[in-house]
Structure formats: structure tokens, C-alpha cells
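What follows is one structure encoded as C-alpha cells, with my remarks underneath.
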Amino acid sequence: MKCKKCGETAALDLRRHNAAFCSPHFIEFFRKQVREAIRHYRMFEPDDTVMVAVSGGKDSLALWDVLIEEGYRTCGVYLDLGIFDYSVESRAKCEAFAAARGQTLVIERVAEAVGAPIPVVQKATRRPTCSACGLSKRYLINRAALTHGYTVAATGHNLDDEAATLFGSVMHWQTDALSRQAPMLPSTHPKLIRRVKPLYRLSERETAAYAFLRGIDYIVEECPFARGATSLAHKDVLNRMEEASPGAKHNFLFGFLDKARAAFEAAESVTLLECASCGQVTTGEICAFCKLADQVKRHTAP
Ligand code: FES
Ligand code: ZN
Ligand code: ZN
């Protein structure tokens, strides 16, 4: 297989784009996709400051790498979930990445903010681990960006992640989730930071290849709580469809974004208030994060 750009031996074959690239041209293709995502959704401008939520995995570190290379002013935020060795190792990967590039890494400890590490939170709430974890992540990333004066929060969600989330929401017709699923969620309140997903055009395989070719040292293991999660089953179904018909995931996600999303968005209109306890944005009186912290406190009280 030959590179579409220069005719050299290709390092990667991208069936859904009907193209193959050598290493330098793949890296160029990857960055072009990120630039296109930023441009299309007006995610940020050169004078914005971007806080990248990094987990130590390939996607978020690849994203941070591209944004640094593109000349944006960035910093990383790592959420220490307190999940045993997984957290220790993933934090070390983020610290090494930031140090090698002279970037700032903000560390937020979930145990400090919620009152206990994620494994204990799970026992206290009996909710699926990832729901308390996702709630804490959204809250703490927003709070960190506000505290440190960043204008945008970016996450490393890729095409596979987004297609799997969409699939899950459609399976259960969660219309509120459908209205909120977008590569860019604008700030609708002074205390709500704009959220963006600049990798939504790139597949998991492509972010892995980028991280590898750029020599990024990332944690390969998934969070131990992700095992058996339904999102993995959804990814599996979509992978099989992709295998049978390259481009299936892309068409599913992009079709939704281009043609269907607006209909769900119109149906959803909420008034945002400030939480009586912590002051962050909520739709009720007390935000979901404060309720979670309270539940954990009651559970762990002697
Ligand atoms: Fe949230 Fe694993 S990353 S539970
Ligand atoms: Zn080439
Ligand atoms: Zn609150």
C-alpha cells in the first residue's frame, strides 16, 4: 500500500477514507482533522486558553499534543479518581508528558472533593460507577477551568466514543442526552465553561496510531470499572458494522450531528441557577455533585 500524498510505503490504511498514508502524512492528516473540527464548530480562537482533561490514555494525550503543536495556550487537568494502581500509573503518564513539554498540569483529587475515592463512592451510591465518575469529572473540570481562568475545556472523546454514546442514547431514546451530545457545548452561563471534543472526527485506531507515531507514552489499560460496561458492548456492535461497511460509524454520528440533533435541541430548554451550596451551575437548588458528596459523607460517617 502506498501513501496517497507521496507514494512512499504507507504506515496506515484508512478504509473509511479510502486512503493510506506514510507516517509524516498521517500525522498531517490527523492534525488537519483536528483543525477542521475546531473550525467547523468554532471551538476556540487563538486567544482562547484551553484546559485539556487528560486521563493518561492515548486520546487525551494525543489531543494535548496536537493543541500544543498547533500553538494554542493550554494546560492539562488530571482527575485523580483514586482507583488503585490504575490512578497511580495514569497520573504518572500525565505528569511525565507535561514535564517533557514544559506544560502545566493541574491535579484534582476526587477523594478530596467528593469525600471518598471512586471505589468508595460507588459503594455509597450503588449507582453504576461510571455515572458518579462522569458526574464528578464534568463538575471538577468545569470548576478547575473557572478557578484557573481557562476559557474552554477540551476532552479527548473520539469518533468511536461519540458513536457509542449516541447508539446508547438512541437505544433508550434518551432525548435529553441526545440534545446535549455535540462536539461543542457553548457556555450558557458565566459559570459554565464551553466544552469541546476536537477529536470527534478521528477514530480510536487513528488516535492510537497518532500517539504511537508521536512517541507518546500512555496507559494502555482501561479503567478497571469500564470492563463489561454497556458502552463497550455498544462499541462492539458498531465495530462489527464498521467491519462490514467501512464508514458506518462516521455516517451514523455525522448524520445525527448534521440532520437530527437540532430537533432534539429545540425540545430542551432549561433555566440555569447557581447551587445554594457550592455556587456552581445547576438546574435545581442543590447541584447533583453536592448531593453526591452529601450521600458519600453520610455513608462514610462513623
Ligand atoms: Fe470513571 Fe472508570 S473512568 S469509572
Ligand atoms: Zn506520504
Ligand atoms: Zn453544588
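Atoms considered below: every heavy atom in the structure, side chains included; atoms not considered: hydrogens, waters and symmetry mates. We count ligands from 1, going down the list as the structure has it; atoms in each ligand are counted the same way.
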If you draw the axis of the six-membered ring of Tyr139, does the NZ or CZ of Arg143 fall within 45° of it and under 6.0 Å from the ring centre? no
Would you say that more than 12 heavy atoms from the other residues, nucleotides or ligands in this model lie under 6.0 Å from the CE of Met184, or not? yes
SG (Cys275) to the Zn ion (ligand 3) to SG (Cys287): angle, nearest 10 degrees? 110°
For a salt bridge (charged side-chain N to carboxylate O under 4.0 Å, His left out) check, start with the C-alpha distance between Arg214 and Glu69, then their side-chain angles and the critical distance, and finish with the verdict. CA-CA 11 Å; Arg214 291 282 297 156; Glu69 292 295 313; 3.2 Å; yes
Which atom of His25 is nearest the Zn ion (ligand 2), counting N, O or S only? It is ND1
Excluding waters, which protein N, O or S atoms are within less than 2.8 Å of atom 2 (Fe) of ligand 1? Cys223 SG
Taking the six-membered ring for Trp, are Phe212 and Tyr218 ring centroids under 6.0 Å apart? no
If I take the Zn ion (ligand 2) as the centre, what angle separates the SG atom of Cys6 from the SG atom of Cys3? Nearest 10 degrees is fine. 110°
Salt bridge (charged side-chain N to carboxylate O under 4.0 Å, His left out) between Lys235 and Asp160, intermediate numbers included: CA-CA 7 Å; Lys235 277 192 176 174; Asp160 295 58; over 6 Å; no
Do Arg180 and Asp176 make a side-chain contact, defined as non-hydrogen atoms from C-beta onward lying under 4.5 Å apart? yes
Identify, with sequence neighbours excluded, every residue that meets side-chain contact (heavy atoms from CB on, under 4.5 Å) alongside Ala111. Arg109, Pro117
A side-chain contact here means heavy atoms from C-beta on lying under 4.5 Å apart; do Val114 and Phe289 qualify? yes
The single option from Arg15, Arg16, Arg31, Lys58 that satisfies salt bridge (Lys or Arg N to Asp or Glu O under 4.0 Å) with Glu206 is Arg16
Would you give the angle at the Zn ion (ligand 3) between Cys290 atom SG and Cys278 atom SG, to the nearest 10°? 110°
Does Gln122 have a non-hydrogen atom less than 4.0 Å from ligand 1? no
Counting from 1 in the order shown, the ligand 1 atoms closer than 4.0 Å to a non-hydrogen atom of Lys137 are 1 (Fe), 3 (S)
